[in-house]
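I have placed the structure first, in the form of structure tokens, so that the comments after it can refer back to it.
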Protein chains: 2
Amino acid sequence: MDTKQSDLTRDKILHAAFDEMHRNGFQAASIANILGDTGLTKGALYHYFPAKHTLGLAVIDEVIREGLEEMVFRPLREAEQPVTELLNIMQRKAEYANDDTIRLGCPLNNLMQEMSPLDEAFKARLTLILKAWQKAIRNALETGQRQRQIRADVDCEAAALFIVSAWEGCWGVAKNMQSVKTFRLCITQLQDYVLSLGPRSRPRNKQTQ
Amino acid sequence: MDTKQSDLTRDKILHAAFDEMHRNGFQAASIANILGDTGLTKGALYHYFPAKHTLGLAVIDEVIREGLEEMVFRPLREAEQPVTELLNIMQRKAEYANDDTIRLGCPLNNLMQEMSPLDEAFKARLTLILKAWQKAIRNALETGQRQRQIRADVDCEAAALFIVSAWEGCWGVAKNMQSVKTFRLCITQLQDYVLSLGPRSRPRNKQTQ
DNA sequence: ACACATCCATACCGGTTGGTATGATTCGAT
DNA sequence: ATCGAATCATACCAACCGGTATGGATGTGT
């Protein structure tokens with residue numbers, strides 16, 4: 001329990017910055033707001049981070065990346081039936097989604113859309129996460145092929161790319177519609193797509209409305 | 001050819017605003033940059049648009065919406081085999097994509113991600129476009145069902161939602177990776193998904209690398 | 001030719017932004 | 001106990017933002 005005070009304030013700043021960036025994006029994220037949320041002042045922030053830019057990169061590395069690692073990458077890596085686990089992760093996300101999470105959207109996706117064309121450092125870090133994600137799903141699918149859950153003729157690399165894309169797309173559209181229902185419906189379709197990669201491809205029943 | 005001078009300058013502002021918003025998003029779009037690109041000054045801009053907010057809405061209505069109408073909605077509406085046309089539209093987008101279009105991403109998607117949680121007026125207009133898009137694809141799929149191109153048990157409404165989502169997701173991921181190749185690969189997968197809604201579902205050959 | 005509205009340039013404003021310089025206080029090692 | 005480094009508060013700054021007020025120029029209808 002060697003949680004030094006200094007590390008605590010750094011973490012407070014980091015998570016307040018994440019929240020502010022999640023709400024307003026990086027560029028519109030206000031240093032003043034972040035400090036207001038923490039009760040700290042500029043002296044504290046600029047002691048730990050030399051510039052807003054550095055703070056943004058730290059949020060990506062230490063909040064977003066680590067969050068995805070725990071929520072997605074590790075479960076996929078450690079699962080015995082990773083394809084089933086993939087479907088479960090989607091299911092969990094769909095179930096736990098609420099108005100707030102949908103309104104603000106996927107933090108990773110938000111930053112990608114905003115910052116990739118503007119800042120090389122942001123883009124590089126976000127791309128790394130994206131590729132790790134694609135790789136995790138690809139591994140899951142390839143393991144699924146050995147377990148006869150995925151057809152042998154499936155191009156797992158391309159399918160993994162598409163799953164990540166569609167996943168972020170579902171977030172995006174649901175965010176715009178501000179509708180949890182839309183998100184769940186969309187994720188269901190994505191699950192159906194994954195199932196369609198299996199043998200006996202016809203998925204589940206029609207699900208009108 | 002009744003192109004009055006006043007309408008021309010209004011259009012110049014409108015398209016410069018679209019470009020600036022496409023590059024930097026709405027909030028970070030600088031009035032000064034827009035005016036710099038056009039060679040005009042604030043007097044001109046605020047003569048036609050009472051506020052930046054109004055200008056942003058006009059860009060959505062008169063540039064983005066109308067662009068999609070011509071590029072997607074109308075072709076789908078007027079095609080005799082709308083499902084084939086849908087695949088063709090994707091194909092065209094994939095072929096004509098270049099480094100610049102990929103770097104900046106889909107204008108509609110960009111604005112959705114940025115503005116939907118922040119501004120009700122933006123969100124409402126963007127949602128309308130999104131729903132029109134979903135409707136256009138849904139109609140195409142349902143016509144496809146009557147033409148035996150789409151299986152009868154497919155939920156066309158849900159599938160249309162997913163296609164729009166995945167479509168935007170492909171843009172988003174390719175934008176981050178800044179890779180035209182990624183975009184094309186992703187669109188190919190989306191085309192495969194559409195084909196998988198048809199009879200004899202197994203799509204095309206495996207396509208490694 | 002006169003009056004009036006349209007069109008647009010110029011100058012200016014208050015507010016907010018990220019960033020810095022300085023200094024007070026606390027902590028930690030010796 | 002003492003000294004130095006780490007930690008953070010305060011005050012301040014130049015740059016930029018969107019927006020406004022004013023006025024000159026250019027049609028346009030009568």
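The chains referred to below are lettered A, B, ... by the order of the sequence lines, with proteins before strands, and numbering in each begins at 1.
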From [atom1] of [X] over to [atom2] of [N], roughly how many Å is that when rounded to an integer?
| X | N | atom1 | atom2 | value |
| --- | --- | --- | --- | --- |
| A:H53 | C:dT17 | NE2 | C1' | 17 Å |
| B:Y46 | D:dG18 | OH | P | 7 Å |
| A:L55 | C:dG19 | CG | C1' | 13 Å |
| B:L35 | C:dT10 | CG | C1' | 13 Å |

Quick one: is [X] getting a side-chain N or O under 4.0 Å of the [N] phosphate, OP1 or OP2?
| X | N | value |
| --- | --- | --- |
| B:H47 | C:dC7 | yes |
| B:T9 | C:dC7 | no |
| A:Y48 | D:dC8 | yes |

Record whether the side chain of A:K52 comes under 3.5 Å of the base of C:dG19 through a donor-acceptor pair of N or O atoms.
no
Heavy atoms within less than 4.0 Å of DNA chain D: which residues of residues 19-34 of chain B have one? Give them sorted by number.
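Here the set is B:A29, B:S30, B:I31.
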Look at all strands and tell whether A:L45 reaches a base, only sugar-phosphate, or nothing, counting heavy atoms closer than 4.0 Å.
nothing
NZ/NE/NH1/NH2 to OD/OE distance under 4.0 Å, A:E95 and A:R92
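A:R92 and A:E95: not salt-bridged.
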Less than 3.5 Å apart, any donor N or O on the side chain of A:Q178 or B:T127 sitting next to an acceptor on the other?
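Not at all, the side chains of A:Q178 and B:T127 share no donor-acceptor pair under 3.5 Å.
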